[in-house]
A.B. asks: 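This is the structure I want to talk about, given as structure tokens.
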Amino acid sequence: MLTINLIREKKEFIIERLKIKNFEAEEIINKILALDLSRREIQSKTGLLQSDMNRISKEIGGMIKEGRKSEADSAREKTYSLKEEIKSLDDKLMPIENELRNEIIRLPNLPHISVVPGYGADNNIKVREGGIIPALPDSALPHWDLIKKYDIIDFDLGIKLTGAGFPVYKGKGAKLERALISFFLDEGVKAGYTEMMPPIMVNEDSGFGTGQLPDKEGQMYNVGLDGFYLIPTAEVPVTNIYRDVILTADQLPVKNVAYTPCFRREAGSWGAHVRGLNRLHQFDKVEIVQIAHPENSYRSLEEMVNHVESLVSGLELPYRIMRLCGGDMSFTSALTYDFEVWSAAQKRWLEVSSVSNFESFQANRLKCRFKEKGDKQTRLVHTLNGSALALPRIVAAILENNQKDNGIRIPAVLVPYTGFDKIT
RNA sequence: GGAGAGAUGGGUGAGUGGCUUAAACCAGCAGUUUGCUAAACUGCCGUAUGGGUAACUGUACCGGGGGUUCGAAUCCCCCUCUCUCCGCCA
């Protein structure tokens, strides 16, 4: 959510920047500015009236104490019209404030200066790539066949227990899953992140804090009886730790890493391109989150990109890093790098991580601020997060890329975690 | 799930309708003094929003939301959470 001050001061700049995201902001901004103006008018009027009211009330108190009863009564008469005036202004203020907020949250975050215009994945810019794409024989199998062949992930069993998109990991499949989670967490801790294990259900306030609510309600599972939501990503609980918090500058950057299961309703299509592990309702993910000083947040972003890169290259997966164009970026992001790994049997790139700087956009919603030592003024922090990493597509790529006649080879860095170097 | 007690600033904690401009203490910050791993003293010490170049200043906020009243931290209603006891339970 953009700050009202920025909208007030840099209207034209915002309109220009949002064109990069293919967003026409002028109409909304004009509406916001008009609402903001009447909000301030009403507020300063009520302030004055309240001030009168407070003064008179205090005087009445004094009169009563001194026994000047008739004077007190006539002063009391005077307050009635004041009180009514205040009430009618208050009644006007509430809907204006609500509408103002509703309009402001419709504005996407401003893209960083380096973001290029564009309408989709075709306009994304390849930053760099790494790893070696394996040459597989024509007989190579996609992962949905491999998991059946080696009996390591069972979709049908998941359908029996819950429904489509809730796989059961079995035997070496389950062990591989656990190994990846441990590997990702350990690497995060080595890189200076603090490991967190948050709740996987959150309340409405948290859903609002990171922007899932009120708009994207349908994307989360709702635990109706208690009003909780199953988290779509650890970003939600971990970032909300800092909701309504004022940090000191020397606490920044805050670096947290968390593993959680993630739940996504994703009511959309379930065609061939989302077969197997490509899209699930429940999956495992390790997430990294940073709360950074505004002046250092892009350094944090680079650091996070390098960290994720070390994970995919550690797993010996062919990958590329894309800097997203305006049209392909999320509503809340200022700059996003996507990581894709090559899935050799599907013969396509799979998105496995998205690393973003949200600048102060999330922080404004969260009311997460910091103070410089000795400074009276609070400022909004910058928040960043990234997957490090989401498991299913990593598993898909490992299975497909490493298939041999005699089984599936496990990347060397995982062997200490799995205890086996081959799935047979 | 049942019964009772609570929720006040960074912390402890006073405050049952106007003498509160939320006391006091602790922590923190700045300074003075004495001198040496510290003590004493003085001052400052919440957030948001409006006005002002600024000094300063208006307003709101005592878990959240409504209400009563000229006036609410204080009284009433609803909600959330915490603690104690009982019940249930990995």
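Order of the sequence lines sets the chain letters (A, B, ...), proteins ahead of strands, with each chain counted from 1.
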A.B. asks: Starting from the 5' end of RNA chain B, give me the residue, Met53(A) or Arg39(A), whose nearest nucleotide shows up first.
C.D. replies: Arg39(A)
A.B. asks: Check Arg101(A) with Glu97(A), please: is the shortest side-chain N to carboxylate O separation under 4.0 Å?
C.D. replies: no
A.B. asks: Mind calculating the distance between CG (Asp90(A)) and P (G50(B)) to the nearest angstrom?
C.D. replies: 17 Å
A.B. asks: Atom CG of Leu82(A) and atom P of G71(B): how far apart are they, to the nearest Å?
C.D. replies: 10 Å
A.B. asks: Should G31(B) form a Watson-Crick or G-U wobble pair with both distances under 3.5 Å, which nucleotide is its partner?
C.D. replies: C41(B)
A.B. asks: Under 3.5 Å for both donor-acceptor distances, Watson-Crick or wobble: does G63(B) have a partner, and if so which one?
C.D. replies: C79(B)
A.B. asks: Report the distance from atom CG of Leu252(A) to atom CD of Glu295(A), rounding to the nearest 0.5 Å.
C.D. replies: 11.0 Å
A.B. asks: Over all strands shown, is Thr79(A) touching base, sugar-phosphate only, or nothing at heavy-atom distances under 4.0 angstrom?
C.D. replies: sugar-phosphate
A.B. asks: Looking across every strand, which nucleic acid part, if any, lies under 4.0 Å from Ile60(A) by heavy atom: base, sugar-phosphate, or nothing?
C.D. replies: base
A.B. asks: Does Lys172(A) make a cation-pi contact with Phe420(A), if we ask for NZ or CZ under 6.0 Å from the ring centre and within 45° of the axis?
C.D. replies: yes
A.B. asks: Say whether Gln290(A) and Glu303(A), considering side chains only, have a donor N or O and an acceptor N or O under 3.5 Å apart.
C.D. replies: yes
A.B. asks: Using whole Å, report how far NZ of Lys87(A) lies from P of A60(B).
C.D. replies: 16 Å
A.B. asks: Does Asn54(A) have a side-chain nitrogen or oxygen under 4.0 Å from the phosphate oxygens OP1 or OP2 of A60(B)?
C.D. replies: yes
A.B. asks: Look at the rings of His307(A) and Tyr193(A) and say which category their plane angle falls in: under 30° parallel, 30 to 60° tilted, over 60° perpendicular.
C.D. replies: tilted
A.B. asks: Look at Ser51(A) and U59(B) and indicate whether a side-chain polar atom (N or O) is within less than 4.0 Å of OP1 or OP2.
C.D. replies: yes
A.B. asks: His382(A) and Tyr298(A): aromatic ring centres closer than 6.0 Å?
C.D. replies: no
A.B. asks: Should Gln50(A) be listed as having a side-chain N or O under 4.0 Å from OP1 or OP2 of G58(B)?
C.D. replies: no
A.B. asks: Under a 3.5 Å cut-off for both distances, is U84(B) Watson-Crick or wobble paired, and to whom?
C.D. replies: A3(B)
A.B. asks: Taking for each residue the nucleotide of RNA chain B bearing the nearest heavy atom, is the 5' side occupied by Arg76(A) or by Arg8(A)?
C.D. replies: Arg8(A)
A.B. asks: Considering every strand and a 4.0 Å limit on heavy-atom distances, what is the contact class for Gly47(A): base, sugar-phosphate, or nothing?
C.D. replies: sugar-phosphate
A.B. asks: Within less than 4.0 Å of OP1 or OP2 of G58(B), is there a side-chain N or O belonging to Arg55(A)?
C.D. replies: no
A.B. asks: Identify all pairs in which a protein N or O lies below 3.5 Å from an N or O of nucleotides 45-48 of chain B, and state each distance.
C.D. replies:
from, atom 1, to, atom 2, distance (Å)
U47(B), OP1, Lys371(A), NZ, 2.3
U47(B), O3', Arg369(A), NH1, 3.2
A48(B), OP1, Arg369(A), NH1, 3.2
A48(B), OP1, Thr378(A), OG1, 2.7

A.B. asks: Is any NZ, NE, NH1 or NH2 atom of the basic residue among Asp156(A) and Lys160(A) found under 4.0 Å from an Asp or Glu carboxylate oxygen of the other?
C.D. replies: no
